[in-house]
Amino acid sequence: MTKLLTPAQVKAGLHDGEEIALLDVREQGQFGEAHLFYAVPLPYSRIELDAPRLVPRRSTRVVVYDDGSADGNNGGTCGVAERAATRLAAMGYTGVHLLAGGSAAWAAAGLRLFQGVNLPSKTFGELVEQQLHTPRIAAAELARRQAAGDKLVVLDGRPFGEYRKMNIPGAICCPNGELVLRIGELAPDPTTTVVINCAGRTRSIIGAQTLINFGIPNPVLALENGTQGWYLADFELQHGSTRRHGDNAAPVDLIERRARAAALAVRHGVPTVDAEQARRWLADPTRNCFVLDVRTAEEFAAGTLAGAQHAPGGQLLQATDQYVGVRHARLLLADSDGVRAPVVASWLRQMGWDASVLRDGIAAPLSLPAAEPCLAEPLQPLEFVDAATLATELDARRVAAIDLRPGMAYRGAHVPRSTWSIRPRLATDAKALGRPVVLIADEPALAQLAAVDLQQAGLPAPRLLAGGLQAWRDAGLPVEASPGVPSDTDCIDYLFFVHDRHDGNKDAARRYLSWETGLIAQLDEQERSALRIA
């Protein structure tokens, strides 16, 4: 039986210096509405797929929770924490505990719940600005200087996919993790003012302060409130831009950049370890060691350390909880240049992480141990049904089609007469339909996992639409949209609070920025003291 922990016991465990994985197993929308500060989002829908990456060591102390609801008012996902604990145990995790009463009990004990995502990272960004007085520029002033022809360059610190959605006119995409390596080519004149922006605040602040810490001679500013601030000031954003930093060739002054990065690492107490030490860490049965390649996706795809996780430096700082699920774990960073990893590690150290740099980076003679099997039994393949056959069977009402794609994707386009559902409540929905089920999914593995729940509920194995919705479209079959289905309440995998700010909703943008700037005031003393800005 899974051991229950009180809120006081969990709170103590988060600050005792030992490893702990605090896993919120609700879906993303539920998580973002109210969760514990150090919680890592691991939706039950994906638990078998993502747990081994977020919590590699199976003997890790794990605490699982949901909202503690037992009255059916939580999107039909009552008891999901217990189900998740059972799945984790089946995967070989031996230290699984439940937060008794879930987040509701946490709040009842007088402990704070937080709205939003990536809380530790975003709070850290606000503290950096507050304590280091990172210089900033308002949207109106930037627009004025651009119109006047001032010598300046705007660098967008987000990944290219985000940049393409919307960007400041004239901005060049250079993700934060690449800034220290690429700034020479992007702003070769030391009198050029460099402005860093993101969608909101964190990456603007951290990107600008990174260049300042690195000691570049240029004036550096963070764009206040990023693209949201620009939009709120009634300036137009560009869409679909393709301007980005150059290729991944080494800069001509690489030796100087390495020296600057090494000095920054020393300043912030970042150790450099060799492959032999790394092997000892990886073999340590008492600690998790995450080996993280902080380079670009193109570089990672071209070759990396066997078993390393791709964690581009800027995003690792922005959303650490998406890459590392164990508080107090070891983080070992690798690059190919000796510049990016030390700079990223210098920030991680200030965020309270035990971060080190691997000497020789991806060229180090190091290979990670093979991953352990994640399931007690292999997933059984599902029988496929083609689009034409599914259309015929739906017309004859012989089957029910259940769409497991994201709720907002279903709203945009889905198979007519199909029903949207999500794994935590799939068995209940399938029973209510009363017919054999055909699943529609973007990821076949998610459908296979959902099928396990159906069969455990005593339902027959479902079939799977071969090729998903795209195959249905390719067959020339119609799709339909349903802007209100699933309803906002049912769409538990989508956090409207975060996403509405990018859809022309100025009120949502204002609320988001107010939330972000208000994070520091919500911390308790222990949460605040863990962030050590030098």
Chemist: Does a side-chain heavy-atom distance below 4.5 Å link L223 with V154?
Modeler: no
Chemist: Any side-chain heavy-atom pair from I422 and R425 closer than 4.5 angstrom?
Modeler: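 Answer yes - side chains close enough.
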Chemist: Are H328 and Y38, when compared by the centres of their aromatic rings, separated by less than 6.0 Å?
Modeler: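 No: the rings miss the under 6.0 Å criterion.
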Chemist: Closest heavy-atom contact between A171 and N197?
Modeler: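 Heavy atoms of A171 and N197 come nearest at CB-OD1, 4.3 Å.
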Chemist: Side chains of C491 and M408, heavy atoms from C-beta outward: is any pair under 4.5 Å?
Modeler: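 Yes - at least one pair of side-chain heavy atoms lies under 4.5 Å apart.
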Chemist: Ignoring hydrogens and geometry, is there a side-chain-to-backbone donor-acceptor pair from R511 to S514 under 3.5 Å?
Modeler: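 Flag not set: sc R511 to bb S514 has no pair under 3.5 Å.
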Chemist: Would you say E27's side chain and P43's backbone share a donor-acceptor pair under 3.5 angstrom?
Modeler: no
Chemist: How long is the straight-line distance from CG of L316 back to CE of M351, given to the nearest 0.5 Å?
Modeler: 7.5 Å
Chemist: Between H239 and K165 (side chain of the first, backbone of the second, donor and acceptor by atom type, cut-off under 3.5 Å), is there such a pair?
Modeler: yes
Chemist: What pair of heavy atoms forms the shortest contact from Y93 to V55, and how long is it?
Modeler: OH-O, 2.6 Å
Chemist: Could you tell me whether the side chain of L317 reaches within less than 4.5 Å of the side chain of F124, counting heavy atoms only?
Modeler: no
Chemist: Is there a donor-acceptor pair under 3.5 Å between the side chain of Y65 and the backbone N or O of L36?
Modeler: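 Pair found, side chain donor or acceptor close to backbone of L36.
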Chemist: Any donor-acceptor pair under 3.5 Å linking the side-chain atoms of D293 with those of T304?
Modeler: yes
Chemist: Going by the side-chain contact (heavy atoms from CB on, under 4.5 Å) test, name the single residue among D386, I440, L477 that passes it with W472.
Modeler: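 By the side-chain contact (heavy atoms from CB on, under 4.5 Å) criterion, W472 pairs with just one of D386, I440, L477: L477.
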Chemist: How far apart are the closest heavy atoms of P159 and Q315, and which atoms are they?
Modeler: CD-OE1, 3.4 Å
Chemist: Any chance CD of E480 has more than 12 other-residue heavy atoms, nucleotides or ligands included, within less than 6.0 Å?
Modeler: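 Enclosed: over 12 neighbouring heavy atoms sit under 6.0 Å from CD of E480.
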Chemist: As a quick check of understanding, evaluate salt bridge (charged side-chain N to carboxylate O under 4.0 Å, His left out) for R26 and E33, giving each step before the final call.
Modeler: CA-CA 11 Å; R26 298 171 297 166; E33 288 299 333; over 6 Å; no
Chemist: Under a 3.5 Å threshold, yes or no: a donor from one side chain and an acceptor from the other, between Q238 and R243?
Modeler: yes
Chemist: If you look at every heavy atom in L464 and V438, which pair is closest and at what distance?
Modeler: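 Taking L464 first and V438 second, the nearest heavy atoms are C-CG1, 4.3 Å.
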Chemist: Considering only NZ, NE, NH1 and NH2 on the basic side and carboxylate oxygens on the acidic side, decide whether R244 and E178 come within less than 4.0 Å.
Modeler: no
Chemist: Less than 4.0 angstrom from a charged side-chain N to a carboxylate O is my criterion; do E393 and R463 meet it?
Modeler: yes
Chemist: Are the side chains of N118 and T320 in touch, meaning some heavy atoms are under 4.5 Å apart?
Modeler: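 No, every pair of side-chain atoms sits at 4.5 Å or beyond.
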Chemist: Tell me whether the guanidinium CZ or amine NZ of R87 lies under 6.0 angstrom from the six-membered ring centre of Y44 and within 45° of its axis.
Modeler: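 No.
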Chemist: Determine the minimum heavy-atom distance between L113 and S103, stating which atoms define it.
Modeler: CD1-O, 3.6 Å
Chemist: Between the side chain of E299 and the main-chain N/O of T296, is any donor-acceptor distance below 3.5 Å?
Modeler: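 Yes, E299 side chain to T296 backbone: donor-acceptor pair under 3.5 Å.
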Chemist: Working note: D156 + R164, criterion salt bridge (charged side-chain N to carboxylate O under 4.0 Å, His left out); need CA distance, chi angles, decisive distance, verdict.
Modeler: CA-CA 10 Å; D156 193 311; R164 279 183 58 81; over 6 Å; no
Chemist: Are the side chain of T419 and the backbone N or O of I402 linked by a donor-acceptor pair below 3.5 Å?
Modeler: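 Side chain of T419 to backbone of I402: no pair is present.
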Chemist: Give a yes or no on whether the backbone of E126 and the side-chain of R201 come within a donor-acceptor separation of less than 3.5 Å.
Modeler: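 Judged by distance alone, no pair lies under 3.5 Å.
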Chemist: I need the minimum non-hydrogen distance between P312 and Y323, along with the two atoms involved.
Modeler: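 Residues P312 and Y323, closest heavy atoms: CD-OH, 4.0 Å.
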Chemist: One pair to check against side chain to side chain donor-acceptor pair (under 3.5 Å): E19 and N288. What are the steps and the verdict?
Modeler: CA-CA 8 Å; E19 287 193 341; N288 285 276; 2.8 Å; yes
Chemist: Within the distance-only criterion (no hydrogens, no angle test), does the side chain of T123 pair as donor or acceptor with the backbone N or O of I520 below 3.5 angstrom?
Modeler: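 It does not hold such a pair.
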Chemist: Tell me every residue that passes salt bridge (charged side-chain N to carboxylate O under 4.0 Å, His left out) with R112, counting only those two or more places apart in sequence or in another chain.
Modeler: none
Chemist: Can S45 and D493 be said to form a side chain to side chain donor-acceptor pair (under 3.5 Å), step by step?
Modeler: CA-CA 10 Å; S45 294; D493 62 341; over 6 Å; no
Chemist: For the side chain of R203 and the backbone of N176, is there at least one donor-acceptor N/O pair under 3.5 Å apart?
Modeler: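 Side chain of R203 to backbone of N176, a donor-acceptor pair under 3.5 Å: no, none is there.
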Chemist: Just say parallel, tilted or perpendicular for the rings of F31 and H35, cut-offs at 30° and 60°.
Modeler: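 Parallel: the ring planes of F31 and H35 meet at under 30°.
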Chemist: Please evaluate residues T2 and E82 with respect to the criterion side chain to side chain donor-acceptor pair (under 3.5 Å), reporting the C-alpha separation (whole Å), side-chain torsions for both, the decisive distance (0.1 Å), and the verdict.
Modeler: CA-CA 8 Å; T2 305; E82 289 84 352; over 6 Å; no
Chemist: For the pair H310 and F300, name the ring-plane relationship: parallel under 30°, tilted 30 to 60°, perpendicular over 60°.
Modeler: parallel
Chemist: I'd like to know if the side chain of W515 reaches the main chain of Q115, judged simply by a donor and an acceptor atom lying under 3.5 Å from each other, with no hydrogens or angles considered.
Modeler: yes
Chemist: Side-chain contact test, heavy atoms from C-beta onward, threshold under 4.5 Å: evaluate it for L513 versus L232 and give yes or no.
Modeler: yes
